[in-house]
**Student:** 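Take this structure first; my questions come after.
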Number of protein chains: 2
Amino acid sequence: MSTIRTVERAIQIIQVISQHPSGIGINALAAELALAKSTVSRLVATLEQHDVVQRTELGKYAIGNAPIQWVSQRSYSDVLSVRALPVLQHIAAETGEACTLCVLDGNNVLYLQQMQSQQDIQVRDWTGAQLPLHVTSAGKVLLAYASKTHLDDYLSNPITAYTKHTVTDSAMLNAQLASIRQQGYSYVSQEHAEGIVGIAVPVYNKRNIVIAALCIYGPEFRFDKTTIEATVALMKEQAEKLVG
Amino acid sequence: MSTIRTVERAIQIIQVISQHPSGIGINALAAELALAKSTVSRLVATLEQHDVVQRTELGKYAIGNAPIQWVSQRSYSDVLSVRALPVLQHIAAETGEACTLCVLDGNNVLYLQQMQSQQDIQVRDWTGAQLPLHVTSAGKVLLAYASKTHLDDYLSNPITAYTKHTVTDSAMLNAQLASIRQQGYSYVSQEHAEGIVGIAVPVYNKRNIVIAALCIYGPEFRFDKTTIEATVALMKEQAEKLVG
DNA sequence: AGAAGTGTTCCATTATATGGAACGCAAATG
DNA sequence: CATTTGCGTTCCATATAATGGAACACTTCT
């Protein structure tokens with residue numbers, strides 16, 4: 001199937017512009033794409049006329065509002081997943097463990113996206129699945145930062161045990177949540193499945209509101225104290241990159 | 001400044017596709033844009049190759065992931081504002097009052113976007129401003145659905161009076177917040193400025209997490225009981241359209 | 001089986017997009 | 001101050017890239 005060169009060039013221009021949040025000029029674009037200035041100028045003018053890109057205060061070009069309208073029928077979760085993919089890939093590569101992004105969905109944690117471990121012993125891919133909040137590291141993070149309504153509602157229901165390690169006492173659970181809020185991460189050991197542990201950190205928007213949880217999990221024997229500490233540090237650092 | 005017709009056509013195609021979340025075919029696109037099928041097929045193939053659009057399970061074309069990556073450096077608030085603009089415009093037109101979208105920002109409410117009333121007596125445009133949570137209708141909605149951490153933190157600070165109507169007693173404020181949670185909206189009368197009242201409803205994401213507040217405000221003499229009820233109904237209906 | 005519907009490929013045509021050079025303006029430099 | 005540098009825009013000759021009509025290939029429906 002043949003493609004249209006002019007449109008490909010426009011797409012390349014949009015991509016480069018999108019990687020410069022504070023803006024980029026015609027000359028730099030032309031240099032980066034090895035195109036004539038005049039060609040780039042006309043292409044950018046077309047994109048600007050349709051609000052695909054916009055002028056910044058410094059006269060550079062940045063992403064405009066039209067692409068936001070284009071994705072407006074895609075769900076926030078889709079948006080969050082696509083944005084998170086590079087971060088998930090990086091963490092999974094660095095740690096060698098499965099890394100996943102989760103959001104609060106009613107009384108469950110919803111697994112939006114998972115990058116799988118490449119090791120011989122793997123955990124299951126939970127993408128698209130929902131699990132109860134109180135037995136997973138991501139779920140506990142989301143519960144720790146949930147609204148009062150949500151927390152009260154969750155604790156008003158019976159808390160089901162999944163393993164002999166599951167914390168089902170609401171006072172103990174509340175103490176866990178307070179600890180998570182204080183240390184900024186959760187470590188959950190075998191509360192959902194024997195032999196599986198998880199670490200999760202909150203993902204904030206730029207106003208310090210928790211919007212998701214970033215989580216890795218794997219077999220318990222791969223998580224000693226040093227690994228946990230290094231992993232938490234990495235995950236906190238990477239969660240910062242999702243701040244928007 | 002001359003523009004590039006081929007790129008304009010591609011942009012038009014993206015726009016039409018973006019208005020069909022469940023997908024649209026080549027023939028329908030060609031009919032809507034009055035272009036040859038073969039032209040549209042090639043343009044769409046180019047967009048598909050770059051993940052600007054993607055095939056649905058039914059073989060139709062919908063928005064792809066590339067535009068999501070393009071907007072990934074735009075803040076979530078930008079994204080929310082652009083998405084909300086049509087809704088704000090509609091509410092402002094229907095009610096004749098100023099309509100605004102707000103998010104929680106630390107211990108303040110941040111006004112992201114406001115559509116102004118066209119009446120002779122107007123309220124101030126607060127876009128970009130931050131006001132304390134406890135004196136505004138949007139702020140009270142956001143506080144009502146805030147995390148336990150946030151609510152506790154807010155109430156641990158002195159609650160400042162702005163008018164003689166401001167509720168500064170934390171027990172009374174908590175009762176207001178409980179009422180808001182129960183009725184699903186807030187009505188705040190002259191707690192921030194004499195003569196100004198506001199109505200706000202929560203904006204949920206598709207998982208019933210409150211992410212913003214939709215608010216209108218105006219001079220008190222324009223808000224009788226019937227107006228308030230009609231306004232609340234309209235705003236709840238319109239807030240549903242922001243669900244993503 | 002034939003009709004209808006979908007999107008793709010082919011090919012002759014031409015007009016549209018291109019790139020080099022000149023231009024206009026603003027900011028920086030000596 | 002005059003000159004240089006840097007920015008993006010406009011002009012124009014050219015050729016090739018994009019176009020659209022028609023045929024094609026495949027699937028679904030009657």
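Lettering of chains follows the sequences in order, A, B, ..., and the numbering in each one begins at 1. A quick note: this is a predicted structure, and the numbers were derived from the prediction, not measured.
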**Student:** Could you report the tightest heavy-atom contact between A:L214 and A:C99, atom names first, then the distance?
**Tutor:** CD1-SG, 4.2 Å

**Student:** By the 4.0 Å heavy-atom rule, please label B:S38 as base, sugar-phosphate, or nothing.
**Tutor:** base

**Student:** Does D:dG8 have its OP1 or OP2 closer than 4.0 Å to a side-chain nitrogen or oxygen of A:S41?
**Tutor:** no

**Student:** Please work out which of the three classes, parallel, tilted or perpendicular, describes the rings of B:W126 and B:Y111, given edges at 30° and 60°.
**Tutor:** tilted

**Student:** Quick one: does B:I17's side chain get under 4.5 Å of A:W70's, heavy atoms only?
**Tutor:** no

**Student:** Less than 4.5 Å apart, side chain to side chain, heavy atoms only: is that true for A:H90 and A:L234?
**Tutor:** yes

**Student:** Write down the protein N/O and nucleotide N/O pairs, taken from nucleotides 4-6 of chain C, whose separation is under 3.5 Å; answer none if there are no such pairs.
**Tutor:**
{"residue": "C:dT6", "atom": "OP2", "partner": "B:N27", "partner atom": "ND2", "Å": "2.9"}
{"residue": "C:dT6", "atom": "O5'", "partner": "B:N27", "partner atom": "ND2", "Å": "3.4"}

**Student:** Heavy atoms only: give me the nearest B:L143-B:Y154 pair and the separation to one decimal.
**Tutor:** CD2-CD2, 3.7 Å

**Student:** So, is B:R9 close to the D:dG20 phosphate, meaning a side-chain N or O under 4.0 Å from OP1 or OP2?
**Tutor:** yes

**Student:** Can you tell me the distance, in whole Å, between the CD atom of B:E48 and the C1' atom of C:dT8?
**Tutor:** 13 Å

**Student:** Would you please classify the geometry between the A:H192 ring and the A:Y162 ring as parallel, tilted or perpendicular, with 30° and 60° separating the classes?
**Tutor:** tilted

**Student:** Looking for any heavy atom pair under 4.0 Å, which part of the strands does A:T39 touch: base, sugar-phosphate only, or nothing?
**Tutor:** base

**Student:** Quantified as the angle between the terminal helix axes (five pairs each), what is the overall bend of the helix from C:dA1-D:dT30 to C:dG30-D:dC1 to 10 degrees?
**Tutor:** 30°

**Student:** For A:T6 and for A:R55, find the nucleotide of DNA chain D with the closest heavy atom, then tell me which residue's nucleotide is more 5'.
**Tutor:** A:R55

**Student:** Are B:N107 and B:P132 packed together at the side-chain level, in the sense that at least one heavy-atom pair is separated by less than 4.5 angstrom?
**Tutor:** no

**Student:** Roughly, in whole Å, what's the span from CZ in A:R5 to C1' in D:dT16?
**Tutor:** 8 Å

**Student:** D:dG8 P sits how many Å from A:I13 CD1, rounded?
**Tutor:** 12 Å

**Student:** May I have the distance from A:E8 (atom CD) to C:dA17 (atom P), rounded to whole angstrom?
**Tutor:** 15 Å

**Student:** Report the distance from atom CD1 of A:I17 to atom P of D:dG8, rounded to the nearest whole Å.
**Tutor:** 11 Å

**Student:** For the pair made of OH in A:Y61 and C1' in D:dT9, what is the distance, rounded to whole Å?
**Tutor:** 10 Å

**Student:** Using whole Å, report how far CG of A:L47 lies from P of C:dA17.
**Tutor:** 13 Å

**Student:** Tell me: CG of A:L43 to P of D:dG8, nearest whole Å?
**Tutor:** 14 Å

**Student:** Only counting residues at least two apart or in another chain, list the ones meeting salt bridge (charged side-chain N to carboxylate O under 4.0 Å, His left out) with A:R222.
**Tutor:** A:E97

**Student:** Go through the N and O atoms of the side chain of B:R42 and the base of C:dG7, and report whether any donor-acceptor pair is under 3.5 Å.
**Tutor:** no

**Student:** Specify the closest pair of heavy atoms between A:K37 and A:I26, including all atoms of both residues, with the distance to one decimal.
**Tutor:** O-CG2, 3.8 Å

